[in-house]
Amino acid sequence: RSKDRAIVTFTGFFLGLCVLVGLLNSHLSFGIYLAVLAAFHFSEFAITGLTNPQNLSFDSYLVNHSKAYGIAAVASWCEHIVTLYMFPELKSKSYITMTGLAICIAGEILRKGAMFQAGRNFNHLVQDTKAKDHVLVTSGVYSLSRHPSYVGWFLWSVGSQLILINPLCLVEIGRA
């Protein structure tokens, strides 16, 4: 039990450190990306703790989301490095990075709003059976979209690739 708490604590500290390092390097698109990435994962844990504490665990950070997520993240970092080296002028388009940041913020607001609105009915794991106390939420952001947290996640994903100015990964997100 104390080992689990230590891992949760270290992860929170590490994500906070990544936000700080990213903000200190916000003159670089990767610095902005790092801050946005770490803030996303930390806020998933924090909002789950506020709205659905009985489901709070290390998994709430979503840092171990899936193998596909890890592969996509590494692919985006590799694309960023390769294009930074081969096409440095492409990475100097700060208006694209700022547009991506705005889209990430909009996605975060939508996703976290959905989590707040659903409260205890929100779960990071897809449920295949209805819990006795589960209530279908259909008001607020859920009246606009059946899965506003997924729409927010999609916006965040698109925005993150715009921040990095990664044309290949951006197109791949659109194909998914």
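On a predicted model such as this, the values are computed, not experimentally measured, just so you know.
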Roughly how far, to the nearest 0.5 Å, is the [atom2] atom of [Y] from the [atom1] atom of [X]?
X: Ile81; Y: Asn166; atom1: CD1; atom2: CG; result: 10.0 Å
X: Cys78; Y: Ile71; atom1: SG; atom2: CD1; result: 11.5 Å
X: Glu89; Y: Leu84; atom1: CD; atom2: CG; result: 10.5 Å
X: His41; Y: Asn64; atom1: NE2; atom2: CG; result: 9.5 Å
X: Leu62; Y: Thr48; atom1: CG; atom2: OG1; result: 7.5 Å
X: Leu144; Y: Thr138; atom1: CG; atom2: OG1; result: 11.5 Å

Contact summary for [X] and [Y], nearest pair of heavy atoms:
X: Cys104; Y: Ile163; answer: SG-CD1, 3.8 Å
X: Asn55; Y: Ser60; answer: O-OG, 3.5 Å
X: Glu108; Y: Ala39; answer: OE2-O, 4.2 Å
X: Ser76; Y: Cys169; answer: CA-SG, 3.6 Å

Can you find a heavy atom in the side chain of [X] that is under 4.5 Å from one in the side chain of [Y]?
X: Phe30; Y: Trp77; answer: yes
X: Ile173; Y: Phe154; answer: yes
X: Ile165; Y: Ser29; answer: no
X: Leu50; Y: Phe116; answer: yes
X: Lys91; Y: Leu28; answer: no
X: Phe122; Y: Val137; answer: no
X: Phe42; Y: Val19; answer: no
X: Val63; Y: Phe58; answer: yes

Provide the full list of salt bridge (Lys or Arg N to Asp or Glu O under 4.0 Å) pairs with a residue in residues 27-54, sequence neighbours left out, each pair given once.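 Residue pairs with at least one partner in residues 27-54: Glu44-Arg111, Glu44-Lys112.
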
OH (Tyr69) with more than 12 external heavy atoms under 6.0 Å: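 It does: Tyr69 OH has more than 12 such atoms within range.
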
Hydrophobic clusters here meaning ILVMFWY residues chained together by side-chain heavy-atom distances under 4.5 Å, can you tell me if [X] and [Y] are in one?
X: Leu90; Y: Leu170; result: yes
X: Val82; Y: Tyr85; result: yes
X: Leu155; Y: Ile47; result: yes
X: Ile109; Y: Phe45; result: no
X: Ile32; Y: Leu24; result: no

Phe40-His65 aromatic ring centre distance below 6.0 Å: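 Distance test on ring centres: not under 6.0 Å, no.
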
Who passes side-chain contact (heavy atoms from CB on, under 4.5 Å) against Leu168, sequence neighbours left out?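 With sequence neighbours excluded, Leu168 shows a side-chain contact (heavy atoms from CB on, under 4.5 Å) to Glu79, given in chain and number order.
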
Intermediate values then yes/no, side-chain contact (heavy atoms from CB on, under 4.5 Å), Leu34 and Asn25: CA-CA 9 Å; Leu34 182 62; Asn25 290 286; over 6 Å; no

Determine whether Trp156 and Val36 satisfy the following criterion, side-chain contact (heavy atoms from CB on, under 4.5 Å), listing intermediate values before the conclusion. CA-CA 9 Å; Trp156 185 91; Val36 167; 3.3 Å; yes

Evaluation steps, side-chain contact (heavy atoms from CB on, under 4.5 Å), between Leu56 and Asn52: CA-CA 7 Å; Leu56 187 65; Asn52 200 355; over 6 Å; no

Determine which pairs satisfy side-chain hydrogen bond (donor to acceptor under 3.5 Å, both in side chains) with at least one residue from residues 139-153, sequence neighbours left out, and list them in order.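 Those involving residues 139-153 are Gln117-Ser139.
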
